[in-house]
Student: 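So that we are looking at the same thing, I have put the structure below in structure tokens.
This chain uses plain numbering: 1 for the first residue, then up along the sequence. Just so it is clear, the model here is predicted, and its values are computed rather than measured.
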Amino acid sequence: MKSRLKLLGLVAVPALLAAAVPTAYAAGAAQPHATRAAVAGDVLKGLKQDATRTGNVAAAKRISVAISLTPRNDKALDTFVAKVSDPRSSSYGHYLTKRQFAARFGRTDAEVKQLKDYLRAQGLTVGTVHSGNLLVDASGTTAQLEKAFGTTLSTWKDAASGRSFYANETAPTLPTSIASLVSDVAGLNNRVELHHQAPSTVTPHNGPGGGYTPAQLKGGYNVSGTYTGSGQKIALLEFDGFQQSNITTYDNYYSLGSPTPTVQKVDGGSGALGDGQVEVELDIEALHAIAPKADVTVFEGPNSDAGEVDTYQAIVDSGIPTTSISWGAAESARTTSNINAVDAVFKAGAAEGLGFYAASGDDGSDDAGDGGTSVDYPASDPYVTGVGGTKLTVTSANAFSKEVAWSGGGGGKSSVFTIPSWQSAVQKSAGGGYRQVPDVAAHANPSPGVSIYSQGSWSSVGGTSAAAPEWAAFAALYNQQAAAAGAADLGFANPALYEANGTGFHDITSGSNGAYSAASGWDFTTGWGSYNAATLANELLG
């Protein structure tokens with residue numbers, strides 16, 4: 001099953017680390033680590049039921065992998081994040097630096113060396129060891145990977161989509177002493193490929209191609225002219241590129257004066273421009289609309305599970321405090337180990353004061369499209385703020401008029417994560433003790449959508465991939481206000497947002513996303529609702 005980019009409407013290669021192969025792992029030497037253990041959950045669910053095997057992956061094909069390690073003292077890390085994100089705690093806002101995180105929760109240098117030595121002994125090339133000592137990049141041929149991880153890589157054809165892909169037939173195995181450190185080996189399959197839904201243009205509203213203008217979005221969400229995002233940084237996770245000329249046209253038309261976005265390519269970047277370009281340009285322009293003076297860095301990575309985890313890790317490595325995410329997939333489309341690996345990156349980010357805002361999906365309560373109820377990942381991650389969709393109406397003076405739930409906005413209960421402590425006060429019986437999505441919402445309805453300039457023309461674009469940057473922009477505005485007040489960045493926002501208990505939100509009480517209807521207070525369609533920027537910022541600042 002493919003992932004979906006939440007859209008409606010229209011690094012450089014790391015330097016290789018050279019080292020001698022230890023005798024214990026050298027070819028032909030006695031192997032003291034003959035006993036092996038599997039990396040649990042690192043195989044696609046229902047592979048043989050949902051796809052047909054078509055052959056073997058060519059032995060000489062080169063494949064990149066990203067190997068995730070389990071944090072040391074994981075329970076202590078959970079406790080730390082809970083306290084540092086809780087406005088009622090004396091630890092609130094006292095985030096860790098990257099060095100402090102590595103020292104307290106990363107694997108030791110000796111443990112990382114043990115993994116690297118093993119990989120090199122199997123003929124693999126070891127690349128970057130990322131900050132935190134919890135992610136190691138490597139690459140090799142199919143034959144080398146099969147030997148190193150004790151599995152077979154085969155080619156398959158998806159029964160539903162007809163798409164060809166490769167995947168490991170069994171969970172990877174490693175020598176027991178190393179397997180105990182490893183939580184995921186991303187890159188052994190390429191079944192999940194992120195893409196966006198078909199564009200659609202709507203009848204013009206007030207923007208030149210239809211859709212809401214920056215003035216209407218800021219007016220509807222009560223964004224003060226005092227706060228523009230100046231001095232703040234926002235990251236975008238992307239799997240396609242953009243053309244700066246389109247961004248410049250948008251900025252000039254609305255006289256925004258926004259800084260030119262910076263591009264950071266991860267693992268070589270996303271490749272040639274594809275049809276995801278409109279998504280990237282939507283994300284940038286939505287941020288410029290609400291926080292025009294913020295510095296935006298676009299992290300472009302390969303469209304693969306290894307590229308995904310590396311790109312998230314690159315964002316955490318950068319220390320940029322706010323990230324908008326418009327790419328995701330139903331939880332059921334991912335391996336358990338892949339979700340755990342990405343979750344660990346988000347958790348590290350939370351410990352270091354970083355906030356992530358992810359689109360909750362554009363398929364209502366049935367994100368997987370199988371006729372049931374399901375939610376999108378990473379919006380369902382407990383260390384991510386899931387952003388649902390609404391239809392905003394503004395007055396002729398660009399003030400908030402009303403808002404209803406958008407029918408396509410993703411929401412429901414996770415099938416993976418139990419309900420976090422900060423969400424338990426609003427636990428719904430339909431949630432069954434699992435994480436509830438979304439946390440918040442913003443304008444996503446495609447008619448009218450958001451006015452953007454992409455691929456050489458004006459258009460109106462909707463979807464929760466518009467709502468996610470609308471919330472990331474608010475976080476940047478808040479961080480600007482907090483800095484002026486001598487307060488900490490918002491960081492991982494959910495505990496503080498739930499502590500606000502609805503204050504500072506537009507409570508959305510009408511509309512449905514399929515299985516769920518909007519209601520007073522928190523609900524499965526819009527979470528707490530959209531933000532009233534001025535009142536919510538004041539509430540969060542206390």
Student: Would you sort out whether Lys413 and Val375 count as a side-chain contact (heavy atoms from CB on, under 4.5 Å), showing the intermediate values?
Tutor: CA-CA 6 Å; Lys413 67 173 182 177; Val375 295; 5.7 Å; no
Student: Are any of the side-chain heavy atoms of Phe299 and Ser318 separated by less than 4.5 Å?
Tutor: yes
Student: Answer with yes or no whether the side chains of Ser230 and Thr228 bring together a donor and an acceptor at under 3.5 Å.
Tutor: no
Student: Would you say Ser326 and Asp283 are linked by a side-chain donor-acceptor pair, where the criterion is simply a distance under 3.5 Å?
Tutor: yes
Student: Report yes if some heavy atom in the side chain of Thr390 is under 4.5 Å from a heavy atom in the side chain of Asn445; otherwise report no.
Tutor: no
Student: Would you give the length of the straight line joining atom CG of Asn222 to atom CG of Asn398, rounded to the nearest 0.5 angstrom?
Tutor: 12.5 Å
Student: What distance separates Thr249 OG1 from Tyr254 OH, expressed to the nearest 0.5 Å?
Tutor: 12.0 Å
Student: Would you say the side-chain atoms of Asp367 pair up with the backbone N or O of Asp363, donor to acceptor, closer than 3.5 Å?
Tutor: no
Student: For the residue pair Glu238 and Thr311, establish whether any side-chain heavy-atom pair is separated by less than 4.5 Å.
Tutor: no
Student: Is the centre of the Tyr531 ring less than 6.0 Å from the centre of the Phe505 ring?
Tutor: no
Student: Distance to the ring centre below 6.0 angstrom and angle to the axis at most 45 degrees; does that hold for Arg104 and Phe80?
Tutor: yes
Student: May I ask you to decide if Lys428's main-chain N or O and Gln436's side chain share a donor-acceptor pair within less than 3.5 Å?
Tutor: yes
Student: Can you tell me how far CG of Leu540 sits from CG of Leu536, rounded to the nearest 0.5 angstrom?
Tutor: 4.5 Å
Student: Go through Ser68 and Val309 one step at a time and tell me if the side-chain contact (heavy atoms from CB on, under 4.5 Å) criterion holds.
Tutor: CA-CA 9 Å; Ser68 296; Val309 70; 4.2 Å; yes
Student: Kindly determine whether Asp381 and Lys347 satisfy salt bridge (charged side-chain N to carboxylate O under 4.0 Å, His left out), including the steps that lead there.
Tutor: CA-CA 10 Å; Asp381 194 283; Lys347 190 187 300 188; over 6 Å; no
Student: Checking Tyr498 side chain against Ser424 main chain: does a donor-acceptor pair fall under 3.5 Å?
Tutor: no
Student: Under a plain distance cut-off of 3.5 Å, with no hydrogens placed, do Asn338 and Asp305 share a side-chain donor-acceptor pair?
Tutor: no
Student: Side-chain contact test, heavy atoms from C-beta onward, threshold under 4.5 Å: evaluate it for Trp528 versus Asp439 and give yes or no.
Tutor: no
Student: Can you see whether Asp376 engages Ser360 through a side-chain donor-acceptor pair at a distance of less than 3.5 angstrom?
Tutor: no
Student: Looking at the rings of Tyr212 and His443, which for Trp means the six-membered one, are their centres under 6.0 Å apart?
Tutor: yes
Student: Apply side-chain hydrogen bond (donor to acceptor under 3.5 Å, both in side chains) to residues Glu331 and Ser415 and explain how you reach the verdict.
Tutor: CA-CA 7 Å; Glu331 290 178 333; Ser415 62; 3.0 Å; yes
Student: Please step through side-chain contact (heavy atoms from CB on, under 4.5 Å) for the pair Trp458 and Ile452, ending with a clear verdict.
Tutor: CA-CA 6 Å; Trp458 287 98; Ile452 72 163; 5.8 Å; no
Student: Please give me the minimum heavy-atom distance between Leu354 and Ile320, naming the atom from each residue.
Tutor: CD2-O, 3.4 Å
Student: Classify the side-chain pair Thr464/Asp362 by whether it contains a donor and acceptor separated by less than 3.5 Å.
Tutor: yes
Student: Is a side-chain N or O of Glu285 found less than 3.5 angstrom from the main chain of Tyr453, in a donor-acceptor match?
Tutor: yes
Student: Has the side chain of Thr79 got a donor or acceptor atom that lies under 3.5 Å from a matching backbone atom of Lys75?
Tutor: yes
Student: Kindly say whether Ser460 contributes a backbone atom to a donor-acceptor pair with the side chain of Ser451 at under 3.5 angstrom?
Tutor: no
Student: Is Asn479 reaching over with its side chain to a backbone N or O of Leu490, donor-acceptor style, under 3.5 angstrom?
Tutor: yes
Student: Please report the closest heavy-atom contact between Tyr377 and Asp343, naming both atoms and the distance.
Tutor: OH-N, 3.3 Å
Student: To the nearest 0.5 Å, what is the distance between CD (Gln232) and CD (Gln481)?
Tutor: 11.0 Å
Student: Take Leu273 and Asp240, measure what side-chain contact (heavy atoms from CB on, under 4.5 Å) needs, and give me the verdict at the end.
Tutor: CA-CA 6 Å; Leu273 282 176; Asp240 209 328; 4.0 Å; yes
Student: Determine yes or no for a side-chain-to-main-chain donor-acceptor pair under 3.5 angstrom, with Thr535 supplying the side chain and Asn532 the backbone.
Tutor: yes
Student: Would you call Arg334-Glu308 a salt bridge at under 4.0 Å N-O?
Tutor: yes
Student: Only one of Val223, Thr322, Thr226 passes side chain to side chain contact (heavy atoms under 4.5 Å, CB included) with Leu477; say which it is.
Tutor: Val223
Student: Measure the shortest side-chain to side-chain distance between Val394 and Ser401 over non-hydrogen atoms and say whether it is less than 4.5 angstrom.
Tutor: no
Student: Is it the case that Glu403 and Tyr221 place a side-chain donor and acceptor less than 3.5 Å from each other?
Tutor: yes
Student: Can you check whether Pro292's main-chain N or O pairs, donor with acceptor, with Ser258's side chain at less than 3.5 Å?
Tutor: yes
Student: Is any side-chain heavy atom of Phe356 less than 4.5 Å from a side-chain heavy atom of Ile325?
Tutor: yes
Student: For Gly276, is there any backbone N or O sitting under 3.5 Å from a side-chain donor or acceptor partner on Glu279?
Tutor: no
Student: Could you tell me the separation between the OH atom of Tyr478 and the CG atom of Leu541, rounded to the nearest 0.5 Å?
Tutor: 4.0 Å
Student: Would you kindly say whether Thr385 and Asn494 are connected by a side-chain donor-acceptor distance under 3.5 Å?
Tutor: yes
Student: Return yes when atom NZ of Lys233 has more than 12 non-hydrogen atoms of other residues, nucleotides or ligands closer than 6.0 Å, and no otherwise.
Tutor: no
Student: Taking all heavy atoms of Ser380 and all of Phe417, pick out the closest pair and write down the distance.
Tutor: O-CD1, 3.5 Å
Student: Measure across Thr526 and Ala405 and return the closest heavy-atom pair with its distance rounded to 0.1 Å.
Tutor: CG2-CB, 3.8 Å
Student: So, Arg88 and Glu499, do they make that salt bridge, N to O below 4.0 Å?
Tutor: yes
Student: For Phe524 and Tyr516, I'd like to know if the aromatic rings sit close, meaning centre-to-centre distance below 6.0 Å.
Tutor: yes
Student: Which pair of non-hydrogen atoms, one from Ser512 and one from Ser517, has the smallest distance, and what is that distance?
Tutor: CB-OG, 4.0 Å
Student: For atom NZ of Lys83, decide whether the heavy atoms of other residues, nucleotides or ligands shown that lie under 6.0 angstrom number more than 12.
Tutor: no
Student: Establish, from distance only, whether the side-chain atoms of Gln277 and Gln243 form a donor-acceptor pair under 3.5 Å.
Tutor: yes
Student: Classify the angle between the aromatic ring planes of Trp471 and Tyr357 as parallel (below 30°), tilted (30 to 60°) or perpendicular (above 60°).
Tutor: parallel
Student: Less than 4.5 Å apart, any side-chain heavy atom of Gln313 and any of Leu135?
Tutor: yes
Student: Looking only at heavy atoms, what is the nearest atom pair of Val316 and Lys98, with distance?
Tutor: O-CD, 4.2 Å
Student: Is there a side-chain contact between Ser374 and Asp366, using heavy atoms and a 4.5 Å cut-off?
Tutor: yes
Student: Can you tell me how far CD1 of Ile419 sits from CD of Gln427, rounded to the nearest 0.5 angstrom?
Tutor: 4.0 Å
Student: Angle between ring planes, Trp327 versus Phe239, binned at 30° and 60°: parallel, tilted or perpendicular?
Tutor: perpendicular
Student: Run the numbers on His506 and Phe400 for ring pair (Phe, Tyr, Trp, His ring centres under 6.0 Å), then give the verdict.
Tutor: CA-CA 9 Å; His506 298 127; Phe400 179 88; 3.8 Å; yes
